[in-house]
Amino acid sequence: MRSNRLRLLAGPLMLAPALALAAGERPMVKVDCEPTDEKLVFHCMFEVTGRKSHQPVEGAAFKVNADMPAMPMAHNVKPIRPEPVAGRPGSYEGRIELEMRGEWAIRMTFDEPVRDIVIEKLTFGDAAVTTD
Amino acid sequence: MDEYLVQVLSNIGMISFLALSAYILLITGEISFGQQAFFAIGAYASGIATAMWGWGFWPGLVWGAAAAGAAAFLLAWPTLRMRGLFFAIGTLAFAEMVRLIFEIFRYQVEIDGELVGPNGSEGFRGIRYIFEQDISAFHYMLLIYAVLAGVLALLFVIERTRLGAIWRMLGEDELLAETEGVNRTYYKVLATVVAGAVAGIGGALYAHMNTYLEPKIFNVMLGVHSLAYGLIGGLGTAFGPLIGVGIDIGLLESARIFSGYRMIVFGGLVALLLIFRPRGLLDEAAVHALVAWWRNTFSSPAKRSGGSGRPPERPGA
């Protein structure tokens with residue numbers, strides 16, 4: 001019983017330096033989106049990790065918008081600010097509304113942990129969203 | 001200011017450079033489907049300068065404009081003998097050639113343990129100047145409009161000089177202009193180079209805002225739009241293309257009244273205007289009417305009559 005408690009305490013303590021390390025470095029993001037019941041509205045999950053440490057980044061503040069590479073500057077998607085997912089460090093979620101289906105460059109502009117920009121390209125189809 | 005509004009206004013500002021670039025050629029009587037090539041060259045050149053060579057933003061911007069202007073000079077010579085449809089096809093072919101070159105163009109250097117630079121069709125990531133300098137999106141938008149105001153002022157000055165008159169003369173009737181002693185070759189090349197440089201400035205600004213470039217961005221769609229903005233807004237003044245941009249991105253896109261059908265509406269609008277107002281909403285006649293109205297309404301009676309401002313003396317007084 002006592003050893004279990006120690007393990008429970010030791011887990012976060014061991015993870016803390018890694019998270020602190022991840023907090024100062026440039027982020028890397030894995031984006032997964034899926035269609036919702038609403039037309040052209042997609043639910044997206046953002047897994048934010050440190051680019052070098054590969055540790056989840058907590059407390060990240062970033063906005064997400066999108067641009068169509070085939071029609072640059074012609075479509076302006078309303079930016080969203082993803083919220084952290086409870087119980088999943090480094091995971092954030094949000095709903096993005098696009099203007100049409102096709103290939104979009106998802107742009108994530110970070111204010112925290114560092115000012116940075118990460119771009120991922122996704123193809124939004126009728127039934128699924130795929131990465132390049 | 002709202003993030004979305006900043007984004008929309010920044011996009012309007014950046015694409016205005018491309019619209020002005022197409023406008024310069026339109027007033028000289030040439031239709032170009034290839035201005036996106038100079039936008040691309042400006043974007044890549046300035047991105048390489050700041051992200052890979054460590055240049056500052058302004059030298060990078062000038063370098064992007066110069067590279068685009070130089071490329072326009074190279075295009076101008078072989079296309080000089082082409083007119084009308086042939087020139088349009090020539091510029092389109094050039095733009096596609098440039099895009100395909102960027103598809104295979106690889107030039108990368110290692111910075112902070114990461115490869116930075118154009119990587120063919122994979123694109124060019126890491127143009128991080130505005131992040132490294134901590135410039136906010138709002139301040140960058142102001143910078144875009146400051147540069148746009150400078151370019152507009154330059155174009156207004158040009159239009160009031162002999163150069164502007166010659167460009168419009170060439171646009172009206174090349175043969176007549178030549179019989180009046182106008183060196184067609186010189187002025188057409190000059191127009192192409194200036195138009196290329198203006199597009200290059202827009203590209204440089206785009207590269208630093210977007211931080212990411214790929215050849216697909218610079219496809220024919222961008223060129224068609226830039227051309228359409230001048231045709232919608234009008235060729236009477238440099239404000240015309242900006243009105244075209246405002247109608248498309250500011251009104252149709254931002255209002256979202258047409259949603260995904262916007263491109264169809266936009267195409268229909270271009271077709272209607274080409275039928276009913278072939279030189280756009282703010283054409284030369286509209287500009288002259290507006291100027292006359294302004295003079296009649298706001299200038300002093302002396303200026304209207306062209307006199308000295310003193311009442312005429314009565315005979316014998």
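Residue numbering restarts at 1 for every chain, and letters A, B, ... go by the order of the sequence lines.
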*asked:* When you measure from the side chain of A:Arg107 to the backbone of B:Tyr212, do you find a donor-acceptor pair of N or O atoms at a distance under 3.5 Å?
replied: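 No; judged by distance alone, with no hydrogens or angles, the pair does not exist.
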
*Closest-packed option against chain A by number of heavy-atom pairs under 4.5 Å, given B:Arg128, B:His225, B:Met14*: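 The residue among B:Arg128, B:His225, B:Met14 with the greatest pair count is B:Arg128.
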
*Sorted by number, residues from residues 109-120 of chain B in contact with chain A (heavy atoms, under 4.5 Å)*: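 So the qualifying residues are B:Asp112, B:Glu114.
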
*What parts of residues 130-152 of chain B touch chain A if we use heavy atoms and a cut-off under 4.5 Å?*
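Only B:Ile130, B:Phe131, B:Asp134, B:Ile135, B:Ser136 of residues 130-152 of chain B have a heavy atom under 4.5 Å from chain A.
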
*With sequence neighbours excluded, residues passing salt bridge (charged side-chain N to carboxylate O under 4.0 Å, His left out) with A:Asp67*: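 Checked A:Asp67 against salt bridge (charged side-chain N to carboxylate O under 4.0 Å, His left out); zero matches.
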
*Minimum-distance pair of heavy atoms, taken over all atoms of B:Asn210 and A:Ile119*: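 In terms of heavy atoms, the two residues are closest at O-CD1, 3.5 Å.
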
*Can you name the closest pair of heavy atoms from B:Asn219 and A:Ala70 and give their distance?*
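Minimum heavy-atom separation between B:Asn219 and A:Ala70: ND2-O, 3.2 Å.
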
*Let me know if B:Ile15 has heavy atoms under 4.5 Å from chain A in its side chain, its backbone, both or neither.*
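Both the backbone and the side chain of B:Ile15 come within 4.5 Å of chain A.
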
*Tell me, side chain or backbone of B:Tyr206 under 4.5 Å from chain A's heavy atoms, or both, or neither?*
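Just its side chain gets close to chain A.
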
*Selection from A:Met68, A:Lys52, A:Met71 maximising heavy-atom pairs under 4.5 Å formed with chain B*: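 It is A:Met71.
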
Could you look at [X] and say if it's the side chain, the backbone, both or neither that has a heavy atom under 4.5 Å from chain B?
X: A:Asn65; result: side chain
X: A:Arg115; result: both
X: A:Arg101; result: neither

*asked:* For the CE atom of B:Met209 and the CE atom of A:Met73, what is their distance to the nearest 0.5 Å?
replied: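 Output value for this atom pair is 10.0 Å.
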
*Would you mind checking if B:Glu3 and A:Arg81 are paired as a salt bridge, meaning a charged N to carboxylate O distance below 4.0 Å?*
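Salt bridge flag = yes for B:Glu3 with A:Arg81.
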
*Can you list every pair that meets disulfide (SG to SG under 2.5 Å) and has a residue in residues 31-109 of chain A, with sequence neighbours left out?*
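For residues 31-109 of chain A, and leaving out neighbouring residues, the disulfide (SG to SG under 2.5 Å) pairs sorted by first residue read A:Cys33-A:Cys44.
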
*Would you mind reporting whether A:Lys78 and B:Gln7 have side-chain heavy atoms less than 4.5 Å apart?*
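Result no, sub-4.5 Å side-chain heavy-atom pair not found.
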
